[in-house]
Amino acid sequence: MSDDKKLTPRAEDFSAWYNEVVQRAELADHSPVRGSMVIRPWGYGIWENMQRALDDMFKETGHENAYFPLLIPMSFIEREKEHVAGFKPELAVVTHAGGKELEEPLVVRPTSETIIYSMYAKWVQSYRDLPILLNQWANVMRWELRTRLFLRTAEFLWQEGHTAHATDEEAQEETLRMLGVYRRFMEEFIAMPVVTGLKSDAEKFAGAVRTYTCEAMMQDRRALQAGTSHHLGQNFSKQFGLTFQSEEGTEEYAWNTSWGVSTRLVGGLVMTHGDDAGIVVPPRLAPVQVVIVPIFRKDEERVAVVEKAHALKAAFAERGVRVRVDDRDHLNPGAKYYEWERKGVPFRLEIGPRDLAKEQVVLVRRVTPEGEDRKVFIPESEAIERMPALLEVFQGELLERARARREAHSHRGVNSFEELKEILEGPGGFVYTGWSGDPAVEERVKAETKATLRCIPDEDFRSEVTPTRCIGGGQATMEVMWARAY
RNA sequence: CGGGGUGUGGCGCAGUCCGGUAGCGCGCCUGCUUUGGGAGCAGGAGGUCCCGGGUUCGAAUCCCGGCGCCCCGACCA
C-alpha cells in the first residue's frame, strides 16, 4: 500500500485487495497458529446472521440441531476407504493426552460422517426410526498448506447436515432439497448468484456417491465452491452397520446424505460485493444496516444532535432496522464515513444542526446506482418510514449486479479446446462446453489450463443450444462448466 | 515438501554494502483548538534490532547455525 489509508485497488492486485479488506474491515485476523484465524466481531456478526437465516431454513425443512464431539477414533476415519484416502493428508491427530500416549490416536474431525453414522447405527432399528434429519454447527480442522482468511483456513466453522433415509429416492430428494436451500440462501441473503450442478467423479466428496455443488463467480472471475450437498448412498451405513428392519421385515442398509456450508461464505460475500472502498454487506446480513453519524461544532449542538440521533435510532429499531449511532468524539465525520464504508454498512445517515432545523436527514447509500446522487436530503419521517423498503431494494440490486457480472463473463457455445484455453488465459470466467464424460479430458484441461470442471450444471443453468461436441473431441453426452477456482 | 524473499517500537519501513548515540511515517497518550469526506498545534510514552554462537575495544550491521513469516509450484469447504 503506497497510501496506507487506501486499499490496493482490485484491478491492481485482487488478492492483495482481499487480504487488506479482510484485515481493515476488521473481519478477521491471523492467529499465532499458522493457518488459523481469529474471527473479529464484525466478521462474526455477519456469520451469525448467516447462521440464523440458514438455521431457520433447516428447521423449516424439518431438521433439528444436535452436537457430536470434536475427537474421532482414527479407526473410524479409516473405515470408509475413499473417505480416508481423501482426508488422510490433512488430518490433525491427537496422540497424547493426560501425559500419556493414547492407545488409539484420535483425529480432530475434518468432517463428522463417521462418528455420526456410527451413532445413528445405535439409534435405528426399524423403518419407523427413519428418517433422521440432523444438523450440527461446529468447527472442523483440515491441515491445509496454502491458507487464506475465510477462504481456506486450517480450522473453520461450518454446519454439517447428516440424514438417514429408508430409500435411495428419499435420500436423493433430500440431497437436492438442501442444494435448493443453499441456492436460495445464497441468492436471497448473500445476494450471490450461484450455478448449481453435479460434480464429476474426480471432484466429488471422498466417500459420496454423488456431490452437488453451488458455484459462485468472484470478481476476479474465478469460481468459489460455496456449498455442497452429498448423496452418500449406503457407503457409510455399510461400514458402520446402520441398518433397519423394513416394513416387509427384511434388514436393509440406510441411505445417507450430508451437506455443508462454512465461514468460507464470508470470503465469498467479500469477493462478490466488495469494491475499492471496502466490503459491501447485503442488508439482510449486515450487523448494522444504518449507521448514524452526528455532526456538530459547539457543545450545545452536540447535545441536540446526538439526542436526535438516538431518537432516530429508536424509531428505526421499532421498524426492525439495525442501527448504530457513531457518537465517538475523537474522530471527525469524514473519518467515520471511511470506516463504515470499509465495513460495508448499507446506509449512512448524517445529521447536523442544519438538518435538525429542517427536520431532514442526509442519506448516503454504500453503493450509488448509476446516475443517482450520492447524498440525498430527505425528511426525517420519510427516512424512517422508507428504510425497510430501501434496504430491500438495495439487497435486490446487489443480486442483480452480481448476476449481470456473472453473465457478462460466462462463455457458452465453446467448442474447441483452443478457444477454451484462450478464454481461461485471457478474460477468464465460466466456460460451458460439451463433455463425453471421459476423465482423461478433464485431466487434460486441468493440466493445460489450470481450470477444473466445476459442475455439470442443473437445467436452470444449461445453454439454450445443447452442445453436441466434447471439448476433447468426439461426441458430447452432457454440458459442463469449467473455471479456475479457489 | 521444492524455488524466491523477508525478519528493526502496535503497523508500514529506512539504516546493513562500508561496524561507532537506533531513526522516519502512521497509530497511541495528555492538553488546547477543531468537527458537513481520512483535523491542526504543542508535549509525551513505547525497542531483548527473530534466536543462539562466533569475530571485534565495540555488532541491527561481518561470519556460522537455527527458527518464524510472506510469495510462487503438487492436494482441498
Side-chain angles (χ1 to χ4, degrees), chain A residues 1-8 13 15-16 19-20 23-24 29-35 85-91 109-112 138-148 150-160 182 199 202-206 208 211 213-216 223-230 258-268 277-278 293-299 301-302 305-306 326-342 348-356 360-364 374-375 377 446-447 450 452 485-486:
Chain A
M1 276 183 288
S2 52
D3 178 349
D4 63 2
K5 283 180 175 170
K6 286 212 171 69
L7 300 165
T8 299
D13 185 342
S15 114
N19 293 334
E20 288 170 22
Q23 291 269 352
R24 300 207 39 226
D29 203 352
H30 293 279
S31 92
V33 176
R34 195 185 117 74
F87 281 112
K88 197 83 191 227
E90 50 192 68
L91 292 179
R109 64 182 161 216
T111 179
S112 305
N139 57 340
V140 288
M141 177 160 277
R142 300 178 187 178
W143 209 255
E144 302 288 350
L145 299 177
R146 296 275 304 109
T147 61
R148 305 202 49 200
F150 290 112
L151 299 174
R152 177 163 300 107
T153 48
E155 179 187 359
F156 57 93
L157 305 184
W158 77 344
Q159 60 66 217
E160 44 181 326
Y182 285 156
K199 285 285 185 188
E203 298 286 332
K204 71 174 199 229
F205 172 70
T211 291
T213 181
C214 296
E215 299 285 325
L224 182 77
Q225 180 174 307
T228 47
S229 183
H230 315 288
S258 70
W259 25 276
V261 297
S262 71
T263 37
R264 173 179 253 198
L265 289 174
V266 178
V293 179
I295 293 156
F296 46 81
R297 283 170 212 274
K298 299 183 277 285
D299 263 358
E301 285 177 352
R302 179 197 150 89
V305 167
V306 170
D326 188 351
D327 55 6
R328 292 175 293 178
D329 62 3
H330 63 284
L331 294 178
N332 67 21
K336 294 177 185 176
Y337 300 165
Y338 282 104
E339 179 175 333
W340 292 111
E341 279 168 14
R342 210 158 44 233
R348 175 175 80 237
L349 203 147
E350 304 167 13
I351 174 147
R354 297 206 294 268
D355 307 309
L356 222 57
Q360 67 169 21
V361 295
V362 180
L363 198 57
V364 185
R374 187 160 157 67
K375 294 194 176 190
F377 300 80
K446 195 171 175 177
K450 289 179 190 159
T452 45
Y486 275 95

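Hydrogens, waters and symmetry mates play no part in the numbers below; they use all other heavy atoms, side chains included. The structure presented is a predicted model; accordingly, all values stated were derived computationally and were not measured. Per chain, numbering begins at 1; letters A, B, ... match sequence-line order.
At a threshold of 4.0 angstrom between heavy atoms, the contacts of A/R374 include nucleobase atoms, whether or not backbone atoms are also involved. Counting non-hydrogen atoms under 4.0 angstrom, A/V362 reaches a base of the nucleic acid. Using a 4.0 Å heavy-atom criterion, one finds that A/E144 contacts the bases of the nucleic acid, with or without backbone contacts as well. If you check every strand for non-hydrogen atoms under 4.0 Å, A/K336 touches nothing. Using a 4.0 Å heavy-atom cutoff across all strands shown, A/G260 reaches no nucleic acid atom at all.
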What does the list of N/O pairs under 3.5 Å between the protein and nucleotides 67-73 of chain B look like, with a distance for each?
{"unit_1": "B/C70", "atom_1": "OP2", "unit_2": "A/R34", "atom_2": "NH1", "d": "3.4"}
{"unit_1": "B/C72", "atom_1": "OP2", "unit_2": "A/R146", "atom_2": "NH2", "d": "2.7"}

Identify each atom pair where a protein N or O and an N or O of nucleotides 31-35 of chain B are less than 3.5 Å apart, giving names and distance.
{"unit_1": "B/U35", "atom_1": "OP1", "unit_2": "A/R297", "atom_2": "NH1", "d": "2.8"}
{"unit_1": "B/U35", "atom_1": "O2'", "unit_2": "A/F296", "atom_2": "O", "d": "3.2"}

All N/O pairs under 3.5 Å across the protein-nucleotides 7-9 of chain B interface:
none

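Spacing between B/G20 and B/G2 at atom C1', rounded to whole Å, works out to 42 Å. For the C1' atom pair drawn from B/G47 and B/G7, the interatomic distance equals 15 Å after rounding to whole Å. Rounded to whole Å, the separation between the P atoms of B/U55 and B/U48 comes to 26 Å. Using atom P as the reference point in both B/G73 and B/G9, the two lie 30 Å apart (nearest Å). For the C1' atoms, the distance from B/C71 to B/U30 is 42 Å, rounded to whole Å.
A 4.5 Å side-chain heavy-atom check between A/Q225 and A/E203 finds every atom pair outside the cut-off. Residues A/W340 and A/R348 fail the side-chain proximity criterion, which asks for heavy atoms closer than 4.5 Å.
Between A/K204 atom NZ and B/A77 atom P the separation is 13 Å, expressed in whole Å. If you take CZ of A/F87 and C1' of B/C75, they are 12 Å apart, rounded to a whole angstrom. Following rounding to the nearest Å, A/Y182 (OH) and B/A77 (P) show an atom-to-atom distance of 13 Å. The interatomic distance linking A/W340 (CH2) with B/G36 (P) rounds to 18 Å, in whole Å.
The base-pairing partner of B/G31, taking Watson-Crick or G-U wobble contacts with both distances under 3.5 Å, is B/C41. For B/G19, there is no paired nucleotide, since no Watson-Crick or G-U wobble pair has both relevant distances below 3.5 Å. With a cut-off of 3.5 Å on both Watson-Crick or G-U wobble distances, the partner of B/G2 is given as B/C72.
The nearest pair of heavy atoms linking A/R148 to A/S15 is NH2-O, 3.4 Å. Residues A/E160 and A/V140 approach most closely at OE2-CG1, 4.2 Å, considering heavy atoms. Taking every heavy atom of both residues into account, A/I295 and A/Y337 meet most closely at CD1-OH, 3.3 Å.
Under the 4.0 Å criterion applied to side-chain N and carboxylate O atoms, A/R374 and A/E341 are assigned as salt-bridge partners.
Atom CZ of A/R142 sits about 15.0 Å away from atom OG1 of A/T147, to the nearest 0.5 Å.
Residue-to-nucleotide contacts include a donor-acceptor pair under 3.5 Å from the side chain of A/E341 to the base of B/G37.
Counting only distance, with no hydrogens or angles, the side chain of A/T213 and the backbone of A/K199 share no donor-acceptor pair below 3.5 Å.
For the pair A/K446 and A/V364, nearest-nucleotide mapping onto RNA chain B gives the more 5' position to A/V364.
Between B/G36, B/A77, B/G37, one nucleotide has an atom nearer to the side chain of A/R354 than all others, and that is B/G36.
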